[in-house]
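Below: the structure, in structure tokens.
The analysis underlying the following values was restricted to heavy atoms, covering all of them including side chains, and did not include hydrogens, waters or symmetry mates. Whatever order the structure lists ligands and atoms in, that order sets their numbers, starting from 1.
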Amino acid sequence: GAVAGGGGGGPPPMYSEGLPLIGNILAFMRDPLALVRRGHAACGGVFTIRIAHKRMTFLLGAVPHAAFFRATDEQLDQTEVYRFSVPVFGKGVVYDAPLPKRLQQFRLLSLSLRVNMLETYVPMMVAECEAFFNAWADEGEVELFDALSQLIILTASRCLMGREIRENLFGQVSRLIHDLDEGMQPLSVLAPYLPTAAHRRRDAAREELRALYTPIIKARRAADADRAAGADAPAAPDDMLQTLLESRYRDGRAMDDNEVVGMLVAALFAGQHTSSITSTWTGLELLRSPTQLAAALAEQDAVRSTFGDELTYASLGAMNVLHRAMKETLRMYPPLIFLLRSVVTPRPVGGYVIPSGDVAMVSTQVSGRLPELFDEPDVWDPERFAPGREEDRRAPFSYLGFGGGRHGCMGEGFAYLQVKTIWAVLLRTFDLRAVGPLAAPDFGAMVVGPKGATTIHYRRRVPRGGDPAA
Ligand code: HEM
């Protein structure tokens, strides 16, 4: 598995199979992960596959990962490979903005995901979860993935998009988000501006969303001005929308309405499917592991005796069993299976030099299962991250669920809080069991989640909205 050094500074080995020209294309379309695994077995941790006119160079293992994640934006660039997001996020936003502006936009976005903000999101997440699960019957079966996708868009709209949206415009906005989503398919990656019906609906939805936000933003800016002038105005809301409105570029300029909406959409897209998928797999695995389930239930009892019944930032932080369950789930089922960059300056790694113009690819999915990085990689075992074992600490950049380096996930803290809140509430309220076989990943999707049934059975242990001690 490790990279054989001594490539002598030449390009990485070329891996190819099947018929000339179309062999790789067919193999890649049929099962990209299997092709990458075979390339790794044949060539080691750095190799190139030619797909039509594109050269894709794969980086697998600790040393190759470091060459990817330690690169600057001037060396490995995201603009080209994430261009398909531009019609959804909007003009002048993130991957459509020149690098210096883009980096400022990311920094401004990160202000709304810092610890002080995460603390204010927790009560909103808890309220959304409790209301959502209160509406379930006393006993029944649900499709977990469907249910948690609905719940997470409610939470996201409350914490990120603002109370105005959550309380008055939720139906309208979720329809628009749906249209934006449908406009980001594998075909859209290749041809983002092809005038298909889905792309036309996408563009209309982006425009409608901006129009919907115009009066909301106007009212918020007016209240900000009142507060600044010392006039009586309600306290500023604690959400991402407000943080973005109050933020300033280095030259003192505020974001315009289109930029604010674009950043909200970008955050929503980064967090929605990834979190729905991860909370689902976490539960599906947890409910199939008697020892981990018992440990998670015991942990809820212990946390309640220390912190009381209220779920808070601190009590969620103490749930290490749930934390490791989610972390382990992301190792085995990362929703973003490939991370991409274009190579701008020739990139040395393991004795080879990746030429400029290549697309550098990391496969979180394949790397998460490499035996050189994790013991028994096909076994779901959260204890591998427990104190004393900490398999992810053996080498930098071996654990890739949230990427790494300068473009590592900004929403990691938010995502852990979200998923842990969901499972804390579920475990405290219901007896739960998994129904049927474990779903398989849907590798044909843009964001890879479970395919088919994700059924669980629940029976209410605590009366609805009631006192758990009763
Ligand atoms: C970046 C995973 C939730 C915001 C990333 C990357 C990964 C990732 C792998 C790196 C992409 C790359 O290197 O090209 C996940 C997973 C999540 C999750 C698995 C849930 C379980 C969230 C949430 C938010 C968010 C909830 C925001 C509310 C971002 C942003 C970036 C990012 C803004 C780009 C950072 C940059 O390029 O500097 N995420 N994410 N993510 N994520 Fe997440």
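By the 4.0 Å N-to-carboxylate-O rule, E167 lies close enough to R163 to be salt-bridged with it. Contact check on R210 versus D256 returns no salt bridge, with no Lys/Arg side-chain nitrogen under 4.0 Å from an Asp/Glu carboxylate oxygen. K420 has no carboxylate O lying under 4.0 Å from a charged side-chain N of E299, or vice versa, which leaves the two without a salt bridge. Between K327 and D392, at least one side-chain N (NZ, or NE/NH1/NH2) sits under 4.0 Å from a carboxylate O, which counts as a salt bridge. Taking a cutoff of 4.0 Å between a charged side-chain nitrogen and a carboxylate oxygen, R288 and E285 do not qualify as a salt bridge. Salt-bridge check for E383 with R389: failed, with every basic side-chain N at 4.0 Å or more from each acidic carboxylate O. Using a 4.0 Å cut-off between charged side-chain N and carboxylate O, D257 and R221 make a salt bridge.
At a 4.0 Å heavy-atom cut-off, ligand 1 touches F414 through the side chain alone. The proximity of Q418 to ligand 1, defined as any non-hydrogen pair under 4.0 Å, does not occur for either the backbone or the side chain. At a 4.0 Å heavy-atom cut-off, ligand 1 touches L330 through the side chain alone. Contact annotation: for I277 versus ligand 1, there are no heavy atoms closer than 4.0 Å. Heavy atoms from both the backbone and the side chain of T274 come within less than 4.0 Å of ligand 1.
With hydrogens and angles left out, the side-chain atoms of T79 and R102 include a donor and acceptor closer than 3.5 Å.
Nearest protein heavy-atom contact of atom 23 (C) of ligand 1 is G271 CA, 3.5 Å. Of all protein heavy atoms, the one closest to atom 9 (C) of ligand 1 is G403 N, 3.4 Å. Looking from atom 29 (C) of ligand 1 to the surrounding protein, the closest heavy atom is A270 CB, 3.6 Å. Here the protein heavy atom with the shortest distance to atom 38 (O) of ligand 1 is H407 ND1, 2.8 Å.
Ligand 1 has no atom lying under 4.0 Å from any heavy atom of P334. Heavy atoms of Y82 come nearer than 4.0 angstrom to ligand 1 in at least one pair. Ligand 1 lies out of reach of E412, whose nearest heavy atom is not under 4.0 Å from it. The shortest heavy-atom distance from R406 to ligand 1 is under 4.0 Å.
Close approach of ligand 1 to T278 is summarised as follows: ligand atoms under 4.0 Å from at least one heavy atom of the residue are 21 (C).
With distances taken over non-hydrogen atoms, the option nearest atom 13 (O) of ligand 1 out of Q78, R341, M410 is R341. Within the set L103, L109, V362, the minimum heavy-atom distance to atom 33 (C) of ligand 1 is found for L109. Closest heavy-atom approach to atom 5 (C) of ligand 1 among the candidates G413, S279, C409, A156: C409.
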### Task
I would like to know whether W423 and S279 meet side-chain hydrogen bond (donor to acceptor under 3.5 Å, both in side chains); could you show each step before the answer?
CA-CA 8 Å; W423 282 99; S279 53; 5.2 Å; no
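Y193 and H199 have their aromatic ring centers separated by at least 6.0 angstrom.
The aromatic rings of W281 and Y333 sit parallel to each other, their planes meeting at less than 30°, with 60° as the upper class boundary.
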